[in-house]
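Everything below concerns the one structure shown next.
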Amino acid sequence: MDYKKTLNLPVTKFPMKANLTRREPEQLKLWEEYRLYDNIRNVSKGREMFILHDGPPYANGNIHIGTALNKILKDIIVRSRQMSGFDAVYVPGWDCHGLPIEHNVDKELGSKKKNISQTDFRRLCRSYAEKYINIQREEFKRLGVMGEWDNPYLTMNYNYESIIARECCKFALDNSLFRSKKPIHWCCSCKTALAEAEIEHHDEPSPSIFVKFPLIDDPGIPALKDKKVNLIIWTTTPWTLPANLAVAIHPDFVYAVVETGDDEVFILAKDLVDSCMRIFGISDFSIIAEIDAKKLEHKKCRHPLYNRESLIILAVHVTLDAGTGCVHTAPGHGREDYEIGLLYELDPYSPVNEKGCFTDDVEFFKGQFVFKANNGIIDKLQETGALVAQESISHSYPHCWRCKKPVIFRATPQWFISMDKTGLREKALDEIDRVEWIPAWGRERIYGMIKNRPDWCVSRQRAWGVPITLFYCEKCESVFINHETVNKISELFEKHGADVWFEKQAGEFLSQNAVCQKCGHNKFIKETDILDVWFDSGVSHAAVLEERSNLKWPADLYLEGSDQHRGWFHSSLLTAVGTRGRAPYKSVLTHGFVVDAEGRKMSKSVGNVIAPKKVIDRYGAEILRLWVSASDYRDDIRISENILQQLSDSYRRIRNTCRFMLGNLYDYDPKTDRVPYESMPDIDKFALHKLQGLIEKTLKAYETFEFHVIYHALYNYCTLDLSAFYLDILKDRLYTSPPQSIERRSAQTVMYIILDSVVRIMAPILSFTAEEVWKFMPDIKEKESSVHLSFLPKANESWKNEKLAQKWEAIIRVRGEVTKALEEARAKKKIGHSLDAVVTISANKELYEELYAYEEDLRTIFIISGASLIKGEKLDKAYKSTDIEGLDILVEPASSDKCERCWIHDPSVGLNSERPTICSRCEKVLEELKLGG
RNA sequence: GGGCCUGUAGCUCAGUUCGGUUAGAGCGCACGCCUGAUAAGCGUGAGGUCGAUGGUUCAAUUCCAUCCAGGCCCA
């Protein structure tokens, strides 16, 4: 007879092979048809809200691995908060305006660009953004990210555009917004001001020149009488010399007066004399005096090219790293130059036009492109004898992020939001301390940035964006805006979008009797600059959180990469504090960047980029989700083929563990077969105790967003607690007992409870697989149609039993020693399978008493054919435990025959003449089965 | 150059808060068992001068300093 047929072996259609790349899209389709997201909303009505407000990715290009990381993290959080009992609405968004899209539309248009109207151009930008929104939306959905994909927020929606304009006007109405000339990064090729975020630094070859600035005033040193005294400056931007207004020296440095032959002397920082003279090729020199820098302040030099004075000023940004310690200062062409210029009341003089060419103001070089003018200027300096030395160097220089060309500093009229006029900086700093920053160092990071940042330049001279909806007086240039006009603009934008600003005349927005407050004039100029896109996304709290009835302000959480301390967290904070006095978020979570196996950043040029699509096509989105969960995202996180392969392996392990439990639940009905806790054997109670530990640990980790803790806990639970221990031991009971026996039903009850908990715990992370398992689980009345409609498990206090657990932990330790002893016997070819062995365990008194209570069960627990326990005797030839004192383990091959049914070697085998190959235990079961049917 | 952060086995993570016995886990690897979770399952074992160097200390992976490597942001 084939006794195998009398066993209860696992049966399941749940496939061992995940086939994620095929099955995931099918699952997504089912969820969509079933309208899962809407169903979740319906059942969550009235629950407390948890709002993670999405930072909008830019609507350009395909998503990259960093975007995937970000969106998956958000999804895990939203799903886990939802399953914790919140109503966790997720409204994804896109950032739609801005230079990159303009550039790409430009590129597509090519030469046709010249004949196109601004309105048509903006229309093309809009449809370009739409195209990529659709592409990215599909990519995000494919990752398993759940949200309001049918109704995302777009910064180019008419309603959104109208709110951008409204929020911008709020700054104007309280006088925070002002117009001022200030040097800003300027791209001569794009003809636009650039924000900090639009600048990249690359190495660039530059001329490096040393120039004499003859001192006009008497320095008051007798030795210098009748000498030609020159301050020597160093610059790598000769083209800024025409705009020179000052020479800066450090107040604490000592300056040397160096005689170089004939009647000429140089003044430069004492510490730099030797290195400079080497560059100048002057070997015959002597220091004839030293000057305290402070004595030179306010003295004047003559400009080396023009009949003009240049003031000597003191500045701490002067360094000894390079140059001469005397710094050429052009307040219209440099950030620090401008700042120090303010103190000395110097003009931000900037005689350069928008194309980067000198204006007519500039004698000798007018009309020349500044970078091309460098050589001419050097020649001219040579000609006038002002040039001391000339080299070429390569150094880090700012470049435009789009066209990659070097940029210049140029003073132009721009719109600024003042950081200090209305106390924005101070209020923002206060608010930072009311926000929870995760990790905590995020606070230091953004605090430092807000503390030190200059006024926010919000204007751009471009086409694709929301205009700064302000007017200024045709006559006196003072700003004109009032509530009535703001409302009118808002209404029009709401109806027609921001395009209407460019299509209508100024008068159409203003009332007939509008009059300049300052000069009484009644004609106004409409500003045509557009807003920095950081302002667009920065007001999402107003345009999304406040506008949608299913959201709330402030958000519970913002979650982005750590670059957003300067980006979106920053602009959101400023717009919210400036208009509402509060931060728009209660907490801010940041993640690191995705780097390669060596910890280096990904870049196309290095060729170490891993695209999410590649991972999905090869492994499935589930593996990418598992990767996100397995990594500690607070630091940079690595991805590589090796890492993905490893995750793939652990995924299979988790999957198979679920599959095994499903297979053993094929005939289990939780309604009728559930065994009460009190009737369970201790090992089952212990299994339930261990499960409570897992639940507590993972719930806490979800609470604190430490998903890698969940991954490790879940994975170790599956391999160690379940696969290698509980489930392995359970096999005998599950397979050989009568199907409806209490011992088998007890095991099934526990497995059902475990599987139910495990599947809920994994649902926020392994969303596809959890749903797949959920569908294969035995149905019960209360069971939701999707795991994502259910809740995370709750720890059951009454199943926690610390005392019992301690006993079992001791048994597990002994078990570890037994397996070592078995392995030793196996190596000596005494046994093969552990069931071939019988074991004698000799333990000291203490351990003996602990084990004694379970003497009958040791055989099962160790998965061997027999275990006998003796107290304190030394066993010859036994395995001596090194880890547990007084423990000897003697392994011997079982002498009895092996039961053909349960594979256990038992003396009862052969006693029954009808079934000579069967043990008495199985004999009983077979009898029972016969009676049953 | 400045601000913020990171560096524990081949990989993913623990541990270090308040310094103190042989620094843990799993994967991977090697070897073995099983063939009733089977393109599965079980077991044993080998892997770490805790980025480097100095300092404080009876004692440092843990505290301090410097350096090196890497990341983000800025210059």
| query | How many Å lie between CZ on A:Arg638 and C1' on B:A69, as a whole number? | reply | 10 Å
| Under 4.0 Å between a Lys/Arg side-chain N and an Asp/Glu carboxylate O for A:Glu823 and A:Arg826? | yes
| request: Determine, for A:Glu824 against A:Lys830, whether the closest basic-nitrogen to carboxylate-oxygen distance falls under 4.0 angstrom. | output: no
| request: Under 4.0 Å between any heavy atoms, over every strand shown, what does A:Met449 touch: base, sugar-phosphate, or nothing? Just pick one. | output: sugar-phosphate
| Heavy-atom pair with the smallest gap, counting every atom of A:Leu835 and A:His833 | N-ND1, 2.9 Å
| field | Gap in Å between the two C1' atoms, one belonging to B:C58 and one to B:A46, rounded | value | 35 Å
| message | Before you tell me yes or no, could you show the steps for A:Asp95 and A:Trp568 under side-chain hydrogen bond (donor to acceptor under 3.5 Å, both in side chains), namely the whole-Å CA-CA distance, both residues' side-chain angles and the distance that decides it to 0.1 Å? | response | CA-CA 11 Å; A:Asp95 199 2; A:Trp568 190 55; over 6 Å; no
| message | Taking the minimum atom-to-atom distance to the side chain of A:Arg566, which one of B:C5, B:G26, B:C74 wins? | response | B:C74
| message | What is the separation between atom CG on A:Leu720 and atom P on B:G26, rounded to the nearest whole Å? | response | 5 Å
| Between A:Arg453 (CZ) and B:A75 (C1'), how many Å, whole number? | 15 Å
| task | State which of B:G32, B:C73, B:A14 makes the closest approach to the side chain of A:Asp632. | result | B:A14
| query | With distance as the sole criterion, is a donor-acceptor pair present between the side chains of A:Gln748 and A:Asn664 under 3.5 Å? | reply | no
| message | Any residue in residues 587-600 of chain A with a heavy atom nearer than 4.0 angstrom to RNA chain B? Just list them by number, or reply none. | response | A:Phe593, A:Gly599, A:Arg600
| For A:Arg634 and B:C13, what is the distance between atoms CZ and C1' respectively, to the nearest whole Å? | 11 Å
| Is it true that A:Glu900 and A:Arg915 have a side-chain N and a carboxylate O under 4.0 angstrom from each other? | no
| message | Taking any heavy-atom pair under 4.0 Å as a contact, classify A:Ile446: base, sugar-phosphate, or nothing. | response | nothing
| task | Enumerate the residue pairs fulfilling salt bridge (Lys or Arg N to Asp or Glu O under 4.0 Å) with a member in residues 439-453 of chain A, sequence neighbours excluded, ordered by first and then second residue. | result | A:Asp433-A:Arg443
| request: Send over the distance from A:Arg445 CZ to B:U6 P, rounded to a whole Å. | output: 12 Å
| message | Across nucleotides 34-44 of chain B, 5' to 3', mark each nucleotide with B, S or - according to how protein heavy atoms within less than 4.0 Å reach it. | response | SSBBSSSSSBS
| task | Would you please name every residue forming a side chain to side chain contact (heavy atoms under 4.5 Å, CB included) with A:Ser741, sequence neighbours left out? | result | A:Ser737, A:Pro738, A:Glu743, A:Arg744
| remark: Under the rule of Watson-Crick or G-U wobble with both distances under 3.5 Å, where | means paired to another strand and [ ] a crossing pair, RNA chain B maps to (((((((..((((......[...)))).(((((.......))))).....(((((..]....)))))))))))).
| So what does A:Ser650 touch, heavy atoms closer than 4.0 Å: a base, only the sugar-phosphate, or nothing? | nothing
| With sequence neighbours excluded, what pairs up with A:Phe14 under the ring-ring contact (aromatic ring centres under 6.0 Å, His included) test? | A:Phe776
| field | Distance, P atom - from B:A9 to B:A23, rounded to whole angstrom | value | 14 Å
| A:Met602 has an atom CE; how far is it from atom C1' of B:C72, in whole Å? | 16 Å
| message | I want to check one thing: is the phosphate of B:C5, taken as OP1 and OP2, less than 4.0 Å away from some side-chain N or O of A:His565? | response | no
